[in-house]
There are 2 protein chains.
Amino acid sequence: MSCEEVFFQQLREQGFRLTPQREMVLSVLHEIEGFATAEEIYERVSAISSSVDISTVYRTLELLQDFRMVASVDPGDGQRRYELLGLHGHHLHLVCRSCGEIIGVELGAIEPFADRMKKEQGFDLAVEHLSIPGLCRACSRD
Amino acid sequence: MSCEEVFFQQLREQGFRLTPQREMVLSVLHEIEGFATAEEIYERVSAISSSVDISTVYRTLELLQDFRMVASVDPGDGQRRYELLGLHGHHLHLVCRSCGEIIGVELGAIEPFADRMKKEQGFDLAVEHLSIPGLCRACSRD
DNA sequence: TTGTCTGCAAACTATTTGCACCGAG
DNA sequence: CTCGGTGCAAATAGTTTGCAGACAA
């Protein structure tokens, strides 16, 4: 069953409605295959059908997050990024402070640190919401 | 030489002026010994001398960050926190998504992960700007 | 005196919300 | 037909900025 079909079925099961707007947002997220701001998604949706409102995009993104089909990261630049969760599920995000590139990394990489914080501080890391600032390979060369 | 004296001297050396507002912000940051929002700092400064503007607080905090005397964290709740960097220098921050508590941890704890990202992804972590969401001991008990 | 700093008020900007109409089921 | 969803417009809220006057050096 494709990603869209899963979403559409879950919608129905929980009494939500399938609207063209929701279809378009999901389809745009597929096209993008990576991170996008609400604004970028809104522009792409607008290109397909004008007079779709950005507030609908936000509302749909929230819905998709409730369904665990979309994750969002806050890179700290005041503009949240959204990402379609494929079969890979959540990963953590390295955010380049210079060029803005976002690199997805499997959660396993940070597990030793997460375990350490749990043991030393009793702190449960929410790794799926983690975005880590720094400099990507290209930018750290300069 | 005390923290204030360092700041005042650096100000002079670089042609900035020492104003009562700047003194008050620094003094309030000392009192607090931890994290505070711009609003909290503003309130405390207002208690000392009314009619100090919050924009001045923001401007002073930015100046203090330029001088590496203050660090700021974005816990992702839309309200940045500021912290006086004492003799300990930077540390990383565990931010509780439930109660908002911020726990400071020495940078050493995340070094193995930082090294791994550098090697595997060529990504240079900006550990001093790192804030990690999760649940603190008290909140994860519930 | 000089030109930095400040208070004030207005601008910004990403996101959220109230509301009346629209349209999926 | 119902009532959940949408577009529109206005509200939010933390932070930033333009400007004329205040004041540190």
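So that the names make sense, note that chain A is the first sequence line, chain B the second, and so on, each numbered from 1.
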Of all residues at least two apart in sequence or in a different chain, which pass the side-chain hydrogen bond (donor to acceptor under 3.5 Å, both in side chains) check with [X]?
X: B/E83; result: B/H91, B/H93
X: B/R80; result: B/S72
X: B/Q14; result: none

When the distance from [atom1] of [X] to [atom2] of [N] is rounded to whole Å, what number comes out?
X: B/M24; N: C/dC5; atom1: CE; atom2: P; value: 15 Å
X: A/R81; N: C/dT15; atom1: CZ; atom2: C1'; value: 15 Å
X: B/D77; N: C/dT16; atom1: CG; atom2: P; value: 13 Å

Rounded to 10 degrees, the angle between the two terminal axes of the helix from C/dT1-D/dA25 to C/dG25-D/dC1, each from five pairs
30°

I'd like to check the side-chain contact (heavy atoms from CB on, under 4.5 Å) partners of [X]; sequence neighbours left out, ordered by chain and number.
X: A/I32; value: A/V28, A/A36, A/I41, A/R44
X: B/R59; value: B/S55, B/T56
X: A/D77; value: A/P75, A/Q79, A/R81

Is there a side-chain contact between B/L11 and B/F67 in this structure, where contact means two heavy atoms from C-beta onward sitting under 4.5 Å apart?
yes

With a 4.5 Å cut-off on side-chain heavy atoms, are B/I54 and B/E39 touching?
yes

Should A/L64 and A/F16 be regarded as members of a common hydrophobic cluster, given that ILVMFWY residues are connected when their side-chain heavy atoms come within less than 4.5 Å of each other, either directly or indirectly?
yes

Treating Ile, Leu, Val, Met, Phe, Trp and Tyr as nodes and any side-chain heavy-atom pair under 4.5 angstrom as an edge, say whether A/L29 and A/I102 lie in one connected cluster.
no

Sub-4.0 Å heavy-atom contacts from residues 12-23 of chain A onto DNA chain C, ordered by number:
A/R17, A/L18

Name every residue in residues 39-64 of chain A that has at least one heavy atom under 4.0 Å from any atom of DNA chain C, in order of residue number, or write none if there are no such residues.
A/S55, A/Y58, A/R59

Interface limits on DNA chain D, where chain B has a heavy atom under 4.0 Å of a nucleotide atom:
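Using the under 4.0 Å cut-off, the span is D/dG14 to D/dA25.
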
Mind checking salt bridge (Lys or Arg N to Asp or Glu O under 4.0 Å) for B/R97 and listing every partner two or more places apart, or none if nothing turns up?
none

Quick one: does A/R116's side chain have a donor or acceptor within less than 3.5 Å of a partner on B/I110's backbone?
no

I need the full list of ring pair (Phe, Tyr, Trp, His ring centres under 6.0 Å) pairs touching residues 97-123 of chain B, with sequence neighbours left out, sorted by first then second residue.
none

